[in-house]
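One structure below.
One-based numbering, in listed order, for ligands and for the atoms of each. Residues: numbered from 1 along the sequence shown.
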Amino acid sequence: MIPVAVAHLKRCAILLLLIVWWPRLEAATPPAAAIATAHPLATEAGHEILAAGGNAFDAAVAITAALAVVEPTGSGLGGGGFWLLHRARDRHEVMIDGRERAPLAARRDIYLDDKGEVIPRLSVDGPLAAAIPGTPAAMAHLARRYGRLPLSKTLAPAIRLAREGFAVGESYRRMAQFRRDALRGSPEGARLFLHENDVPPAGHILKQPELATTLEAIARRGAAGFYDGPVAARLIDGVRAAGGIWTKEDLARYRIVERKPIRGRYRGLRITAASPPSSGGVALVTMLNILAGYDLAKFDAATRNHLIIEAMRRAYRDRAIYLGDPDHVTVPARKLTHPLYADGLRAAIRPDQATPSKLLPGGATLETGDDTTHFSVLDREGNRVAATMSINFPFGSGFVAPGTGVLLNDEMDDFSAKPGAPNVYGLVGGNANAIAPGKRPLSSMTPTFLENDHGVAILGTPGGSRIITMVLLATLDAASGAEPASWVGLKRFHHQFLPDVVQHEPGTFDAAQAEALARLGHTLKEVNDPYGNMQAVLWDRKSGKVLAASDPRGEGKAEVR
Ligand code: DON
């Protein structure tokens, strides 16, 4: 009797141990932290905060703020973004939607003349192009809800960089050349970001004391430091004096939203990505669902890429028709990410022929762009952040409200100004993405986690509508076992339904493949502009290695420490 009881007790004890230890086995932590961002000083700021006892979320605050200072072409306090989080302790995953919102005085036809025609540049240059920023609110929320350190600590590196200055790089100078006229349209924008009204010389030290003061206000008062008080007053006065329509109420009513990320699966990989108002996660999962029906490795390169292009075409058609701000329109995200829906789309793909986009039912979209910014963070506890942030066009709207140092976005251009009328990138869209007061413009930003039993990847990139297809190509590469250096360096191609062309980087397709794709009915178009700036981290649980990579096309830095 007694031995039986002992044996039983032993079994119970083992079971109990397993129950207690199981979550710990699952939550084994990485041997090092890793950060990949578009600027070495932002990567350094993130590591500085980790070394000071902060977690990945604190580092994300520091990086967001540092990028606002050292990469003003791509993101900033005057813009917005999506911060995808994974908290290791309880595996909590959420997307912080800090996307800009249309001002309350914005109307559907705000960019149209009396004849109903789009007024060129109005949604791109100057304060009327600017939506209400979300980045300051997102930083404050990240710090309060997920961080460990006060904003006074996490914003310190950015404040220092803004006060002491930094040397502008080649990409800054290229973008300043590209947006020189928009900056010249704003006396404060020109004073801060140009030098003697022109592109600053190489090595120019950019100091931003007003931005430092604005950051200090946020460090002291959290979001209220930006959306209320003297900074808010200066923003409103500056915008209105230059013909903009912001009101106090716009700033006072700005709220971030915590949203459930989009989820999907591809050949054993679990995908977690940005949800609407980004189109990224939905389109990514649709494409992967379509492609999951093929054994891509079995095809020759031309056929494989043909199938990928056809998947892109279909997902972007749906983007144009269905996607918009879920707080304003019904977005059928569940349907679009359902494997059965993808089965239907795949059934209509011919392996031997391209489907002309005009033969597919539906709307039209086209967008491109190569600014914006992405960073990826993994800390030693296993917390993760994938964040893509934007002010849209390089240097946003070019407009700076005097006394704030804050370059305002031109994210209003991500709305469709009129159904069927192309935006600055040639983008057209429909009702789902029409302008409405307080609405968030549709985005392509796709911060993403990939996960399987082997490991965890954190990735994303800027690049307008090409963001989603870049993340797709990286995901396919990751699924085939490649490492981050390969994902970020891959030659890229893209199809977005309309125009019905395959954009690609030079050297993506060799002559034989280009000919094969043309024979299938694809029109190839080589693009020479900088194409993306991907930042990726991989924690390989099996080998215990942490790897990070920064896109060779950019000036960023990935560092494992
Ligand atoms: O949210 C979006 O999709 C765009 N505002 C991103 C723009 C971008 O990546 C680069 N544009 N030049």
Side-chain angles (χ1 to χ4, degrees), residues 38 67 71-76 78-84 95 97-102 123-125 129-135 138 171-172 174-176 178-179 182 273-284 315-316 319-320 323-325 365-375 387-398 407-417 423-429 433 439-448 459-471 492 494 496 503 527 529-535 551 553-554:
L67 286 169
E71 199 197 23
T73 55
S75 68
F82 302 111
W83 289 256
L84 185 65
M95 181 186 85
D97 169 2
R99 182 69 163 166
E100 299 93 329
R101 299 178 68 184
S123 62
V124 183
D125 302 332
I132 307 304
T135 293
S171 110
Y172 179 101
R174 206 174 50 240
M175 297 303 178
F178 178 55
R179 294 293 281 153
S275 47
S278 174
S279 57
V282 171
L284 177 65
Y316 275 77
R319 177 194 193 276
L323 297 188
D325 180 351
T365 181
L366 159 67
E367 184 191 346
T368 178
D370 300 290
D371 218 294
T372 301
T373 197
H374 176 89
F375 67 83
T388 314
M389 310 171 313
S390 182
I391 47 174
N392 198 29
F393 231 38
F395 288 101
S397 65
L407 194 46
L408 299 187
N409 69 85
D410 54 359
E411 222 76 64
M412 290 297 285
D413 196 65
D414 276 350
F415 279 118
S416 64
N423 75 351
V424 70
Y425 305 125
L427 177 100
V428 294
N433 191 30
K439 191 175 173 184
R440 289 162 146 90
L442 183 62
S443 173
S444 300
M445 294 187 284
T446 316
T448 299
L459 70 155
T461 179
S465 65
R466 297 192 295 214
I467 289 171
I468 316 171
T469 52
M470 285 188 247
V471 174
R492 293 167 177 154
H494 170 76
Q496 57 182 37
Q503 300 177 32
V527 290
D529 48 330
Y531 193 131
N533 193 4
M534 185 171 281
Q535 311 296 329
D551 201 314
R553 298 161 186 81

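- Listed by number with element, the atoms of ligand 1 under 4.0 Å from a non-hydrogen atom of Ser444 are 1 (O), 2 (C), 3 (O).
- Ion pairing between Asp97 and Arg99 fails under the 4.0 Å rule for side-chain N and carboxylate O.
- Contact annotation for Leu442 and ligand 1: no heavy atom of the residue comes within less than 4.0 Å of the ligand.
- Of all atoms in ligand 1, numbered sequentially from 1 with element shown, those under 4.0 Å from a heavy atom of Met445 are 1 (O), 3 (O).
- Going from atom CG of Asp410 over to atom CZ of Phe395 covers 12.5 Å, rounded to the nearest 0.5 Å.
- Residues forming a side chain to side chain contact (heavy atoms under 4.5 Å, CB included) with Arg101 (at least two apart in sequence, or on another chain): Tyr254, Arg440.
- Between Gly464 and ligand 1, an N or O atom pair is found at a separation short of 3.5 Å.
- Residue-level proximity to ligand 1 for Asn392 is carried by backbone and side chain together, each with a heavy atom below 4.0 angstrom.
- Donor-acceptor pairing under 3.5 Å is recorded for the side chains of Arg319 and Ser444.
- Here Thr446 contributes atom OG1 and Ile468 contributes atom CD1; the two are 4.5 Å apart, rounded to the nearest 0.5 Å.
- Note: an N/O pair closer than 3.5 Å links Gly463 and ligand 1 by distance alone.
- Checked against a 6.0 Å centroid threshold, the rings of Phe178 and Phe393 count as neighbours.
- Of all the atoms in ligand 1, the ones that sit under 4.0 Å from a non-hydrogen atom of Ile467 are 9 (O).
- In summary, the atoms of ligand 1 found under 4.0 Å from a heavy atom of Glu411, numbered by their order in the structure, are 1 (O), 4 (C), 5 (N).
- Closest approach of Asn533 and Ala38 over heavy atoms only: ND2-CB, 3.6 Å.
- Counting heavy atoms under 4.0 Å from ligand 1, residue Met389 does not touch it at all.
- Contact annotation for Ser390 and ligand 1: only side-chain heavy atoms (C-beta onward) come within less than 4.0 Å of the ligand.
- Legend: residues meeting side chain to side chain donor-acceptor pair (under 3.5 Å) with Thr388, ordered by chain and number and at least two apart, are His374.
- Taking every non-hydrogen atom of Arg99 and a distance limit under 4.0 Å, the qualifying atoms of ligand 1 come out as 1 (O).
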